[in-house]
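Remarks on the structure that follows.
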Amino acid sequence: MIVEALYFLLWLVVLSWAADRFVFGASALASNLGISPMIIGLTIVAMGSSAPEIMVAATASLSGSTDTAVGNAIGSNITNVALVLGLTAMLKPLSIASGTLKKEMPVLLGVTLLAVYFLSDYFLSSIEGIVLIVLFFAVIGGLTWMSFNMEKGDPILPSTEDEIPSGVPTSKAVLWLIIGMILLPLSAHFMVGSAEVIARYFGLSELVIGLTIIAIGTSLPELAASIAGVLKGEDDLALGNIIGSNIFNLLAVLAMPGLIAPGLVDENAATRDSYVMLGLTILLVVASFNLRGTRRINRFEGLCLIGCFLGYQYLLFG
């Protein structure tokens, strides 16, 4: 079992690295083609943070593990808000000034409510998968439109542009893009296989393994990006990574089992986990739009989020 755990960690590292190289290559290529840095930042880079989850969900769905895919989508959102944002706010309180994030918050809340509704009948259908993926492309279009109409003084603008690689030869960009496209599904396949072996060994359900070990593992890039963002003073970008990732998780990641392996879903996903996700999303929105007008996620709120994460883990394993 120790060997299997090491395999899981190995393929998790490869998956995260492949996602980073995929985003690097795609962003550099788009930049060389003359696409606006803001468009690249709000679409390609934002989607890249959800690339591990998308690959894992697709791989799990192809192997018939629908609950693992659903658990990955829900668990990643719970982890992003409760653990990633909580740890980031504990490290340094986040000041929120971007008008762009104010526009994304209602989208995140609406998408979360839709996901809860789709799972409420314990069944994820192909129609629901199609609706989610159509909304995914609609959101991409909306973000593109938003980038053209962004206020010039929006603090997220320079932070996002700084994330775009420049001066990368097109041949090198294409090479990294291809490497990322090959390694992403390959590493996801082996990582899911190792996770399922570990789950069987400890007697865990497919849903719980998706909610915990896989969700936490695939959320590590968001944790690294958020911590790096706040250390550089880019609070809005750090929070934007989490919001964008959670939107894409529910639209692109949750769509995978609906499109590839529609069918019954573990009822706990509908009666327990989806409501935990909704509750944390509401807490995120309330904290971001502080009634006192400060619009700041402080250390106490970060500590509360971490407490929620630990309490949820106790609920799953206690």
Side-chain angles (χ1 to χ4, degrees), residues 12 15-16 19-20 23 42 45-57 69-92 94 96 98 101 104-116 136 139 156 210-230 234-256 269 273-288 297 301-313 316:
L12 173 61
L15 180 70
S16 300
D20 177 74
V23 171
L42 287 176
V45 174
M47 282 189 293
S49 65
S50 290
E53 287 91 341
I54 294 172
M55 287 296 106
V56 167
V70 171
N72 184 30
I74 297 174
S76 292
N77 279 24
I78 291 172
T79 302
N80 282 346
V81 176
L83 182 62
V84 174
L85 184 58
L87 287 174
T88 303
M90 284 288 290
L91 179 66
K92 177 180 175 292
L94 282 79
I96 306 163
S98 172
L101 297 185
E104 289 185 353
M105 287 286 189
V107 175
L108 173 59
L109 184 57
V111 167
T112 304
L113 287 168
L114 181 64
V116 171
F136 169 72
V139 167
I156 203 172
L211 288 166
T212 55
I213 181 172
I214 293 179
I216 294 171
T218 54
S219 291
L220 291 179
E222 281 88 350
L223 177 61
S226 296
I227 290 178
V230 295
E234 298 172 343
D235 295 9
D236 290 290
L237 183 62
L239 183 58
N241 284 334
I242 293 172
I243 295 172
S245 176
N246 280 18
I247 291 173
F248 291 145
N249 282 345
L250 292 180
L251 295 180
V253 179
L254 193 59
M256 292 297 106
D273 308 309
S274 63
Y275 284 102
V276 172
M277 176 181 67
L278 176 60
L280 286 169
T281 302
I282 293 173
L283 282 178
L284 171 60
V285 173
V286 171
S288 300
I297 300 177
E301 290 165 335
L303 181 62
C304 289
L305 288 173
I306 294 174
C308 289
F309 181 78
L310 295 176
Y312 177 62
Q313 299 307 306
L316 291 177

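Sequence positions, counted from 1, serve as the residue numbers for this chain.
Annotation: the span from I216 atom CD1 to N72 atom CG amounts to 11.0 Å, rounded to 0.5 Å. Between atom CG of residue L87 and atom CZ of residue F309 there is a gap of 9.0 Å, rounded to the nearest 0.5 Å. The distance from atom CG of L254 to atom CG of L114, rounded to the nearest 0.5 Å, is 9.0 Å. Atom CD1 of I78 is separated from atom OG of S274 by 8.5 Å, given to the nearest 0.5 angstrom. Here the straight-line distance linking atom CG of L113 with atom CE of M277 works out to 9.0 Å at 0.5 Å rounding. Note that CD1 of I214 and CD of E53 are 10.5 Å apart. Values are rounded to the nearest 0.5 Å.
The minimum heavy-atom distance between A69 and A57, with the atom names listed, is CB-O, 3.6 Å. Closest approach of I74 and A269 over heavy atoms only: CD1-O, 4.0 Å. Contact between I306 and M90 at its shortest, heavy atoms only, is CD1-CG, 3.7 Å. Considering every non-hydrogen atom in both S226 and V84, the closest pair reads OG-CG1, 3.8 Å. Minimum heavy-atom separation, L12 to T218: CD1-N, 4.1 Å. Residues G302 and A89 approach most closely at CA-CB, 3.9 Å, considering heavy atoms.
Residues V253 and F248 have side chains not in contact (no heavy-atom distance under 4.5 Å, counting atoms from C-beta outward). Under the 4.5 Å side-chain criterion, counting only non-hydrogen atoms from C-beta, M105 is in contact with L239. Counting heavy atoms from C-beta outward, L284 and L109 have side chains that stay 4.5 Å or more apart. Looking at Y312 and L83, their side chains never come closer than 4.5 Å, going by heavy atoms from C-beta outward.
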Determine, stepwise, if the pair V81 / L283 fulfils side-chain contact (heavy atoms from CB on, under 4.5 Å). CA-CA 9 Å; V81 176; L283 282 178; 5.9 Å; no

Run L85 and L94 through side-chain contact (heavy atoms from CB on, under 4.5 Å) and show every step you take. CA-CA 9 Å; L85 184 58; L94 282 79; 4.0 Å; yes

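Of the options D273, N249, T112, a side chain to side chain donor-acceptor pair (under 3.5 Å) to N77 is made by N249 and by none of the others.
Judged by distance alone, the side chain of N80 and the main-chain N or O of I242 form no donor-acceptor pair under 3.5 Å. At distances below 3.5 Å, not a single donor-acceptor pair connects side-chain atoms of S76 with backbone N or O atoms of A73.
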